[in-house]
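Have a look at the structure below before the remarks.
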Amino acid sequence: MTPTPKIVFQNLHIPNIKKLAVYREHGGYTAAQKVLKETKPEDIITLVKNSGLRGRGGAGFGTGMKWSFVPKDAPLKYLLCNADEGEPGTFKDRILMEQIPHSTLEGMIIACYAIQCPRAYIYVRGEYTESIEALEAAIQECTKNNFLGKNIFGTPFSLDIHVFKGAGAYICGEETGLVTSMEGAKGQPKVKPPFPAISGFNKKPTVINNVETLAVLPWIILNGADNYKKIGTEKSPGTKLFCLSGPVKNPGTYELPLGFPLKDLIYDIGGGLTGNLKLKAVIPGGLSAPVLTAEETMTMTMDFESLAKVGSMLGSGGVIVIANDQCMVDLLSVITYFYKHESCGQCTPCREGTGWMKKVVDSILHQRGRAEDIPLLQDISTNMMGGRTICALSDAAAMPVKSFVTKFKQEFEYHIKNKRCHL
Amino acid sequence: MTSHSEPKAKNPMVKITADGKVIEAPKGGNLLKALLDNGVSVPHYCYHPGLSVAGCCRMCFVEVEGQPRPLISCNATVTENMVVKTQTETVKNIQKWNLAFHLINHPLDCPICDQAGECGLQNYYMQFGKYESRMEEEKVKKRKVIPIGDHVMLDTERCILCSRCVRFFDEVPKTSEMAIFNRGDRSEIGTYEDKALNNNYTLNSVDICPVGALTSRDFRFKRRVWFLKDIPSICPGCSTGCNVTISQDPIEKRTYRMRPRFNEEVNGYWMCDYGRMRYKHTHRESRISTPLIKKAATLIPTEWDETKHELFTIFKTPASQISVLITPQYTSEDITHIYDFFTKTIGTQNIFHCADSHLASDSTVTDELLFRRDKNPNSQGLLKISAHYKLQEQNLSLFQQKLKSDPWTILFIFGPHDLEAYPEFLSWFKENNSLKTKIYIGTQVKHQIPLFDLLLPTLTFIETEGTFVNFKGLSQKLSRGVKLIPEAKPICEILC
């Protein structure tokens with residue numbers, strides 16, 4: 001196995017790296033200073049575009065492209081850092097925020113300078129108390145040392161960063177749900193257009209970037225777009241944090257180049273499954289990513305395009321390993337409960353569909369299933385997907401259902417026919 | 001009134017193609033509105049032209065050439081030469097499924113629901129649905145029969161969460177009493193704990209509710225809507241002159257409700273609750289149902305023939321002793337007839353009006369939306385006509401002075417149909433004066449006290465064709481509905 005380059009985790013092992021002084025000793029804030037003192041904002045946008053960096057929150061949208069949509073002449077704009085890490089199976093942003101909070105802040109300074117935005121917020125999910133403490137301490141240190149505030153590093157650029165605590169709703173991780181939540185309303189996605197880049201927080205142009213996306217920026221500034229592109233695949237450059245969970249020997253968050261073989265993540269880095277368990281399936285990109293069978297897992301590489309090719313997705317990089325002792329009907333019942341609980345209820349297909357799917361799956365699980373429930377689940381999920389709703393939660397809720405009843409149909413059929421679990 | 005979602009009509013008209021038909025629509029305007037305005041049938045629940053776009057019901061999907069996937073037309077804008085398809089298999093499938101999603105937890109209690117017959121769920125099921133339901137699971141149970149204000153009853157189980165009512169109270173009266181609480185399929189519409197729904201515009205939420213979630217406590221369980229006939233008219237409640245639709249049962253001869261009719265210049269899509277209740281004084285039980293004559297200090301029912309005889313005697317009195325008082329609650333046509341009759345046929349100039357020239361043109365509203373201080377529908381009309389006869393100076397205060405000083409023996413009073421506008425009305429005639437005979441022409445039963453000598457029943461605004469002139473001087477037509485009191489006669493038949 002080739003040694004894996006570290007970008008966002010490069011300083012993770014250093015003691016006290018969350019302190020500004022230690023972070024600076026290891027090259028921290030040189031990228032931000034370089035940018036503010038030597039580079040034009042539009043050149044940073046071009047650089048990030050050239051690096052091919054794609055958003056690390058789940059959708060994988062080009063970061064430079066996202067920035068370029070912001071109208072240059074707008075008097076006030078916002079950068080919001082999406083730290084509402086809520087996709088089940090994902091626990092990467094919290095490590096960045098808790099351990100190396102300054103890398104996110106440095107990334108935010110660079111991003112804010114690029115889009116010329118004077119005020120930024122970090123929307124942290126409320127349960128992440130340690131992340132909130134670490135970020136607030138880091139912001140305080142920066143403000144004291146003029147790394148934030150008026151005329152940063154003695155340049156004309158000023159920036160304030162504030163931490164905003166979420167209240168734990170999954171939907172607030174969706175860009176516009178996050179915006180409505182910050183505006184003081186119930187977290188509910190907004191109908192698009194207008195997109196946040198034109199009319200976002202407080203109806204001002206707003207960029208919303210994931211923590212990991214922002215934390216990558218200092219490295220790209222210092223090492224250049226070409227060096228970044230050398231890592232990963234052509235269409236998915238760079239590294240990615242993968243959160244490995246499930247019955248594996250070494251669960252955890254790993255930084256790996258995109259295009260990394262999923263098999264190696266599970267068996268080499270993860271040390272394989274615990275006990276005598278055998279791999280049954282993998283959810284590769286957070287709970288909403290369509291499930292892969294064991295067979296698909298063996299040949300899969302972890303990048304945006306390979307996963308899209310088999311109808312799944314890289315998502316947030318939450319790799320959930322499922323072993324042969326797990327009933328897929330039981331698991332789907334838990335998954336459908338999550339989406340039914342977290343649907344904001346705004347759009348009819350999602351509001352009603354999530355509840356309906358949960359009830360049908362539970363009917364099957366509790367030996368009340370009918371043969372027609374399998375095609376019914378396929379039809380409900382199909383009709384909740386593909387832009388039928390304001391945001392992607394409906395798709396996220398439907399994809400597991402569709403993939404489970406398609407790829408593990410025999411387990412559902414067994415439940416219906418024999419009125420019991422095959423295990 | 002401004003509608004929130006639509007830019008003013010200044011946008012240039014462009015051609016678009018909808019289902020093969022070329023239509024014209026304002027560039028940059030709302031695509032769904034353009035389609036609906038041109039008779040293209042697109043199902044929708046959350047969209048309302050007077051409110052902001054929510055885009056949540058997901059019923060109005062269309063396909064637009066060049067777009068990778070179907071989009072909701074309520075959040076799309078009209079662009080030149082766009083090609084829209086509303087009838088593709090994809091669109092039909094979406095409509096069917098999204099309707100199914102709306103209905104899986106709906107109680108389907110149409111037999112006891114007031115909305116039945118004008119329900120968006122029923123109508124779209126027949127037009128776009130007609131599928132076999134595949135929902136076999138237990139439905140979500142929610143709260144029912146919740147009075148959320150003096151006028152509105154809420155059933156959260158019937159609600160499809162289109163959020164029209166929430167947006168209405170946020171955006172139009174800006175009172176924000178309502179919201180959607182909880183999430184997912186537990187979402188429920190409701191009012192905030194500390195807020196009762198008692199602004200003057202609550203019943204608009206019932207009008208715009210596409211299902212039976214919000215019903216009018218006044219109309220609830222009164223009449224099935226398919227028995228009702230709609231008549232376009234004008235609200236008589238104040239000088240605004242909101243355009244309304246009156247619903248009457250023509251067989252039973254009863255009025256059941258009054259709802260706003262769109263007029264961008266006057267009331268937009270809305271009207272106030274006060275105005276809506278103005279139909280109540282047309283009911284049989286509150287009306288003078290037959291001519292009445294005073295005999296031995298009591299009023300007794302009489303025949304029109306006998307009253308004719310009485311009037312004939314009265315009109316023999318010297319014209320200078322005959323006086324007339326008119327309230328501005330009659331149509332301009334009736335008022336003209338009264339002036340014409342008394343100046344020309346009788347030959348008296350003692351015609352006085354109760355229109356307050358100051359109030360009549362006062363454009364300020366008392367509640368920031370539509371309700372004006374002048375509770376008369378036709379003050380401007382009355383003033384104009386009195387001016388035509390050069391009698392505009394003869395107003396109420398002059399009448400009250402002259403009633404004491406002038407040797408009148410006869411007074412004709414054209415009384416108000418709406419007594420709420422005239423709380424002091426009766427006291428005007430109680431004072432000592434030289435009057436021998438007081439003839440009251442009107443509709444309201446409260447006047448059946450032996451203060452008058454002759455009471456002649458006439459018609460209310462619902463039973464009359466004619467014109468009201470609002471505070472801006474805008475003349476608006478009333479259509480004639482069903483006559484509710486067989487014995488009542490129009491002014492032109494009483495004075496002839």
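In what follows, chains carry the letters A, B, and so on, assigned in the order in which the sequence lines appear, proteins first and then strands, with residues in each chain numbered from 1.
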#### Entry: Heavy-atom pairs under 4.5 Å with chain A, option from Ile94(B), Leu71(B), Thr77(B), Asn98(B) with the top count
Ile94(B)
#### Entry: Contacting moiety of Met59(B), where chain A heavy atoms sit under 4.5 Å
neither
### Message
Using heavy-atom distances under 4.5 Å, tell me whether Pro193(A) contacts chain B through its side chain, its backbone, both, or neither.
### Response
both
### Carboxylate-amine/guanidinium contact Arg134(B) Asp379(A), below 4.0 Å
yes
### For chain B, which residues of residues 176-184 of chain A have heavy atoms nearer than 4.5 angstrom
none
### Message
Could you check whether atom NZ of Lys165(A) has more than 12 heavy atoms from other residues, nucleotides or ligands sitting under 6.0 Å from it?
### Response
no
### Task
Can you tell which part of Lys139(B) gets under 4.5 Å to a heavy atom of chain A, answering side chain, backbone, both or neither?
backbone
### Query
Hey, which of Gly353(A), Pro189(A), Gly386(A) has the most heavy atom pairs under 4.5 Å with chain B?
Gly386(A)
### Task
For Lys186(A) and Asn182(B), indicate whether the former's side chain and the latter's backbone hold a donor-acceptor pair under 3.5 Å.
yes
### Query
How many angstroms lie between atom CG of Asp185(B) and atom OG1 of Thr348(A), to the nearest 0.5 angstrom?
12.0 Å
### Query
With no hydrogens and no angle check, is any side-chain donor or acceptor of Arg58(B) less than 3.5 Å from a backbone partner on Arg388(A)?
yes
### Query
Would you say Arg69(B) has more than 12 foreign heavy atoms packed within less than 6.0 Å of its CZ?
no
### Message
Return the NZ to CD distance between Lys359(A) and Glu136(B), rounded to the nearest 0.5 Å.
### Response
12.5 Å
### Message
Within a 6.0 Å radius of atom NZ on Lys407(A), are there more than 12 heavy atoms belonging to other residues, nucleotides or ligands?
### Response
yes
## Note on the structure
Bottom line for Leu393(A): the part with an atom under 4.5 Å from chain B's heavy atoms is neither
### Query
Is the NZ atom of Lys144(B) crowded by more than 12 outside heavy atoms at less than 6.0 Å?
yes
### Task
Determine yes or no for a side-chain-to-main-chain donor-acceptor pair under 3.5 angstrom, with Arg351(A) supplying the side chain and Gly184(B) the backbone.
no
### Summary
Max heavy-atom pairs within cutoff under 4.5 Å with chain B, candidates Pro349(A), Cys347(A), Gly345(A), goes to Pro349(A)
### Message
Taking atom CD as the centre, does Gln410(A) end up with more than 12 heavy-atom neighbours from other residues, nucleotides or ligands that are less than 6.0 angstrom away?
### Response
yes
### Task
Step through the shown structure and confirm whether more than 12 heavy atoms of other residues, nucleotides or ligands are within 6.0 Å of NZ on Lys141(B).
yes
### Task
Examine whether an atom of Ile104(B) lies under 4.5 Å from a heavy atom of chain A, and if so say whether it belongs to the side chain, the backbone or both; otherwise answer neither.
side chain
## Note on the structure
Filtered by a 4.5 Å non-hydrogen cutoff, the part of residues 336-344 of chain A contacting chain B is Lys340(A), His341(A), Glu342(A), Ser343(A), Cys344(A)
### Query
Above 12 or not: heavy atoms from other molecules or residues under 6.0 Å from NZ of Lys195(B)?
yes
### Query
Is Met65(A) atom CE crowded by more than 12 heavy atoms from other residues, nucleotides or ligands, each under 6.0 Å away?
no
### Interface moiety of Tyr45(B) toward chain A, non-hydrogen atoms closer than 4.5 Å
neither
#### Entry: Interface moiety of Ala54(B) toward chain A, non-hydrogen atoms closer than 4.5 Å
backbone
### Task
Go through Ala169(A), Cys350(A), Gly387(A) and name the one with the most non-hydrogen pairs under 4.5 angstrom from chain B.
Gly387(A)
### Task
May I ask you to decide if the ring planes of Trp356(A) and Trp97(B) are parallel, tilted or perpendicular, using 30° and 60° as cut-offs?
tilted
### Query
Side chains of Asn93(B) and Asn383(A): do they bring a donor and an acceptor to under 3.5 Å?
yes
#### Entry: Nearest-0.5 Å distance, CD1 of residue Ile380(A) to CE of residue Met135(B)
8.5 Å
#### Entry: Ile390(A) vs Ile72(B), side chain to side chain contact (heavy atoms under 4.5 Å, CB included): CA-CA, chis, key distance, verdict
CA-CA 10 Å; Ile390(A) 289 174; Ile72(B) 50 168; 5.7 Å; no
### Query
What distance do Ser187(B) atom OG and Gln346(A) atom CD have between them, rounded to the nearest 0.5 Å?
9.5 Å
